[in-house]
Visitor: 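Dumping the structure here so I can ask a few things about it.
Remember, predicted model here, so these are calculated numbers, not experimental data. In the text below, chain A, chain B and the rest are named by the order of the sequence lines, each starting its count at 1.
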Amino acid sequence: MNESKKITHDKVPNFIRSIILEDLEMGKNEGRVHTRFPPEPNGYLHIGHAKAICLNFGLAEEFGGLCNLRFDDTNPIKEEEAYIRAIQEDVKWLGFDWEDRLYYASDYFDQMADYAVQLIRAGKAYVDDMSSDEIREYRGTLKEPGKESLYRNRSVKENMDLFERMRAGEFRDGSRVLRAKIDMASGNLNMRDPVMYRILHAKHHRTGEKWCIYPLYDWAHGLEDSIESITHSICTLEFEDHRPLYDWFLDQLNIFHPQQIEFARLNLSFTVMSKRRLLELVRKKVVRGWDDPRMPTISGLRRRGYTPQSIRDFCERIGVAKRDSVVDMALLEHCVRNDLNQNAPRVMGVLHPLRVVIKNYPEEQVEEFDAPYFPDDPPRMGSRKVPFSREIYIEQADFQENPSKKYFRLAPSREVRLRWAYYVKCIHVVKDDKTGEIVEIHCTYDPETKGGWAPDGRKVKGTIHWVSASHALEAEVHLYDHLFAVSDPDNAEGETDWMSHLNPHSLEILKSCMVEPSLARAEPGNHYQFERQGYFCVDPDSSAEKLVFNRTVSLRDSWVKIEKANQGK
RNA sequence: UGGGGCGUCGUCAAGCGGAAAGACACAGGGUUUUGGACCCUGCAUUCGGAGGUUCGAAUCCUCCCGCCCCAGCCA
């Protein structure tokens, strides 16, 4: 294997690394680098989150710093305990460790309320009795300034009283809010007296019934980072114009001031990446769940057979910048192939079986061949025994009655090599009388070619995989394709909505595939290369009684190009 | 004449005044008991456009054009 192709390669320079390097040189934060990954537990993590995770944990690791895992659980009506567990599993699976630094925004609710009181005392926050509709109306528009609320100039004493009573549960949901008193004429809408607390009589998954007011993200997030002494608060682009607000809160409170840095979120071709949309796919049962192998979720990719290493490699390769972009799915596929090529043992499996009878092979005879798991490096994992007998299955696509141009697999009178076994030659084609469909092929084998070499030195153009009919294990194989038929479903042509671009062929279930007997020992999560076909992973639902494999990704196939060229002529 | 960002190969992306890295994709060729892997080769005289500064600009200045985000008591 070539060294340069190995997954560990030099880090790609990016602007965030530059900023940190600069900060370190200037002695900022006493040389500390402390980041965090702050998901809201309202859905499963996807590959876009993986980018953020790799960035935050990666930067901390690179600069000898720390990275926290913090659940941003400020909205109890959208968040669930189940998501918290799934998120932790995904981060761990990717190979990152938050050690003892697992935090929750809800742990800081008391502190946040104290800070709010400080702002009220300083005349920087007020309780507003207007309805949400009125508040929206008073906020103004993008081009016109807003108007000040009727309640903006209440006394500190009244604000204190009202806020305490909000907190005590005296008011109904939505009847009042606490707002920061900033500038209703600001060009930045975030500065037009943003809401800090809403009244929500909802049970929180961690604090239970303790609170009936909950902080909003804009008020809470900067505080969470400050409380944890985060030095570099890395987030996505859409929060860029919230930064002045976070800065304002931190300055008013005069507390530790993390530096926020924004980067462009990941978009991938042929899929969607927003949690809202992924949730919709799950709810409408377009997919079988968050971990459906077609989903760009971490759990979906895991079930599909992607490895943590391949995802981390991908995240390193795509780089980090500020411009909106859509990364080609082919790059992600390249990353798994690269990893699995080096790490997946080779086995044989026939997806679309075609029976072959070797007429001159003794009826009851069975031979066993040693087939290395890593043909390019035989000692690596040793080999397994592959039984061979008179009747075998080969791939339907490996036989053509009228071979097309440059086709060099089996065809009438043609000879090919059965991998690890013998040369066989096709002598007869058996067809169904009614349909004309090819049902069986008759061949002869050359006993002199055992192992795959002919003593007379004659060459054969094709080598095909096979499996002994009487020894084969039946298996179900799931083939996957892009979830969407267009590369950018969010911005596809026409007025149709994104769901209309779903790929109807994203899942194909093959029920009677035949795989070699060594796979009886395959366990869920195991990766294999089915030679000449692709990389496959044992599904969690697979069992000894019913083997189920997911195709992670096919092998690159230069034959399809030739085929297309042939058809073009 | 609201505010905030961004525009370098088909797709990502380095570059930070000394003269276009790399990866994926694509196209050729070699090699091969996986039409896989591996190995070569090719692939932006040009950096959204126009001016300007400079011996010298993708990098600095000016203007223009295009794209993205913001009017949740979501995050």
Visitor: What distance, rounded to whole Å, do you find between the two C1' atoms, one in B:G10 and one in B:G5?
Guide: 25 Å
Visitor: For A:Arg136, which contact category applies under a 4.0 Å heavy-atom criterion: base, sugar-phosphate, or nothing?
Guide: sugar-phosphate
Visitor: How many Å lie between CD on A:Glu22 and C1' on B:C16, as a whole number?
Guide: 11 Å
Visitor: Counting side-chain heavy atoms from CB outward, which of B:C70, B:C69, B:A25 is closest to A:Ala330?
Guide: B:A25
Visitor: Assess whether one donor atom and one acceptor atom, taken from the side chain of A:Gln533 and the base of B:U34, lie less than 3.5 Å apart.
Guide: no
Visitor: Taking NZ, NE, NH1 and NH2 as the nitrogens, is one of them in A:Glu563 or A:Lys406 under 4.0 Å from a carboxylate oxygen of the other?
Guide: no
Visitor: Look through every strand shown and name the nucleotide pairing with B:C67 as Watson-Crick or G-U wobble, where both distances are under 3.5 Å.
Guide: B:G5
Visitor: So, does A:Arg198 get its side chain near the phosphate of B:A75, meaning an N or O under 4.0 Å from OP1 or OP2?
Guide: yes
Visitor: Nearest of B:G35, B:C70, B:G36 to any side-chain atom of A:Arg556?
Guide: B:G36
Visitor: Reading RNA chain B from 5' onward, which residue's closest nucleotide shows up sooner: A:Lys461 or A:Lys143?
Guide: A:Lys143
Visitor: Would you indicate, yes or no, if B:U32 has its OP1 or OP2 atom less than 4.0 angstrom from a side-chain nitrogen or oxygen of A:Thr463?
Guide: no
Visitor: Please collect all salt bridge (charged side-chain N to carboxylate O under 4.0 Å, His left out) contacts where either partner lies in residues 189-203 of chain A, sequence neighbours excluded, each pair once.
Guide: A:Arg152-A:Asp193
Visitor: Let's see if you can work this out: which of B:C74, B:G35, B:G72 has an atom nearest to the side-chain heavy atoms of A:Lys78?
Guide: B:C74
Visitor: Strictly by Watson-Crick or wobble contacts shorter than 3.5 Å, is anything paired with B:G17, and which nucleotide is it?
Guide: none
Visitor: Can you check the distance between B:A20 and B:G29, where both ends of the measurement are the P atom (answer in whole Å)?
Guide: 31 Å
Visitor: From CE of A:Met191 over to P of B:C70, roughly how many Å is that when rounded to an integer?
Guide: 18 Å
Visitor: Say we look at B:A75 and B:G7: how far apart would their C1' atoms be, to the nearest angstrom?
Guide: 28 Å
Visitor: For B:U34, does either OP1 or OP2 sit under 4.0 Å from a side-chain N or O belonging to A:His465?
Guide: no
Visitor: On a whole-Å scale, what distance lies between the C1' atoms belonging to B:U31 and B:C6?
Guide: 45 Å
Visitor: Taking for each residue the nucleotide of RNA chain B with the nearest heavy atom, is it A:Pro215 or A:Phe15 whose nucleotide lies nearer the 5' end?
Guide: A:Phe15
Visitor: Which of these nucleotides, B:G36, B:C74, B:G35, is closest to any side-chain atom of A:Leu555?
Guide: B:G36
Visitor: Report the distance from atom CZ of A:Arg192 to atom C1' of B:G72, rounded to the nearest whole Å.
Guide: 15 Å
Visitor: B:A71 P sits how many Å from A:Asp193 CG, rounded?
Guide: 16 Å
Visitor: Has A:Arg70 got its NZ or CZ under 6.0 Å from the middle of the six-membered ring of A:Tyr103, at an angle within 45 degrees of the ring axis?
Guide: no
Visitor: B:G72 base to A:Asp218 side chain: any donor-acceptor pair below 3.5 Å?
Guide: no
Visitor: Using the P atom as the point on both nucleotides, what is the distance between B:U46 and B:C65, in whole Å?
Guide: 25 Å
Visitor: Picking from B:A75, B:G3, B:U34, which would you name as closest to the side chain of A:Asn188?
Guide: B:G3
Visitor: Using OP1 and OP2 only, check whether a side-chain N or O of A:Ser131 sits under 4.0 Å from B:C73.
Guide: no
Visitor: So what does A:Arg243 touch, heavy atoms closer than 4.0 Å: a base, only the sugar-phosphate, or nothing?
Guide: nothing
Visitor: My understanding is that only one of A:Asn68, A:Thr35, A:Ile230 makes a side-chain contact (heavy atoms from CB on, under 4.5 Å) with A:Asp225; could you say which?
Guide: A:Ile230
Visitor: Just the rounded figure in Å: distance from C1' of B:G72 to CG of A:Asn190.
Guide: 11 Å
Visitor: Using both distances under 3.5 Å as the test, list the Watson-Crick or G-U wobble partner of B:A50, or none.
Guide: B:U62
Visitor: For A:Phe239 and B:C74, give me the distance from atom CZ to atom P, rounded to whole Å.
Guide: 14 Å
Visitor: Using a 4.0 Å heavy-atom cut-off, write out nucleotides 8-13 of chain B from 5' to 3' as B (base contacted by protein), S (sugar-phosphate only) or - (no contact).
Guide: B--SSB
Visitor: Using a 90° cut-off around 0 for syn, call B:G5 syn or anti.
Guide: anti
Visitor: Could a donor-acceptor pair under 3.5 angstrom be found where the side chain of A:Arg409 meets the base of B:G35?
Guide: yes
Visitor: Considering every strand and a 4.0 Å limit on heavy-atom distances, what is the contact class for A:Met348: base, sugar-phosphate, or nothing?
Guide: nothing
Visitor: Can the ring centres of A:Tyr423 and A:Trp453 be said to be less than 6.0 Å apart?
Guide: no
Visitor: What's A:Val195 touching, base or sugar-phosphate or nothing? Going by heavy atoms closer than 4.0 Å.
Guide: sugar-phosphate
Visitor: Using the P atoms only, state how far B:C39 lies from B:U32, rounded to an integer number of Å.
Guide: 16 Å
Visitor: Using atom CD of A:Glu316 as one end and atom P of B:A23 as the other, report the distance to the nearest whole Å.
Guide: 15 Å
Visitor: Identify the nucleotide, in any strand shown, that forms a Watson-Crick or G-U wobble pair with B:A27, with both distances under 3.5 Å; if there is none, say none.
Guide: B:U41
Visitor: Quick check on B:G72: is either OP1 or OP2 less than 4.0 Å from any side-chain nitrogen or oxygen of A:Arg139?
Guide: yes
Visitor: Between A:Phe270 and A:Phe484, is the ring centre distance below 6.0 Å?
Guide: no
Visitor: Taking the minimum atom-to-atom distance to the side chain of A:His242, which one of B:U34, B:A25, B:A75 wins?
Guide: B:A75
Visitor: Starting the side chain at C-beta, find the nucleotide from B:C69, B:G35, B:A71 nearest to A:Asp241.
Guide: B:C69
Visitor: After noting the C-alpha distance and the side-chain angles of A:Ile120 and A:Leu178, does the key distance pass the side-chain contact (heavy atoms from CB on, under 4.5 Å) rule?
Guide: CA-CA 9 Å; A:Ile120 294 170; A:Leu178 182 71; 3.8 Å; yes
Visitor: Using the C1' atom as the point on both nucleotides, what is the distance between B:C12 and B:U1, in whole Å?
Guide: 37 Å
Visitor: Tell me whether A:Glu415 contacts the main-chain N or O of A:Val424 through its side chain, where contact means a donor paired with an acceptor under 3.5 Å.
Guide: no
Visitor: Donor-acceptor pair, distance only, cut-off 3.5 Å: does the side chain of A:Ser175 make one with the backbone of A:Arg172?
Guide: yes
Visitor: Base, sugar-phosphate alone, or nothing: which one does A:Ile464 contact when heavy atoms must sit under 4.0 Å apart?
Guide: nothing
Visitor: Could you state the atom-to-atom distance from CH2 of A:Trp559 to C1' of B:A37 in whole Å?
Guide: 20 Å
Visitor: Have a look at A:Asp446 and tell me which of A:Lys425, A:Arg458, A:Arg417 forms a salt bridge (charged side-chain N to carboxylate O under 4.0 Å, His left out) with it.
Guide: A:Arg458
Visitor: So, do A:Arg179 and A:Met196 sit near enough that their side-chain heavy atoms are less than 4.5 Å apart?
Guide: no
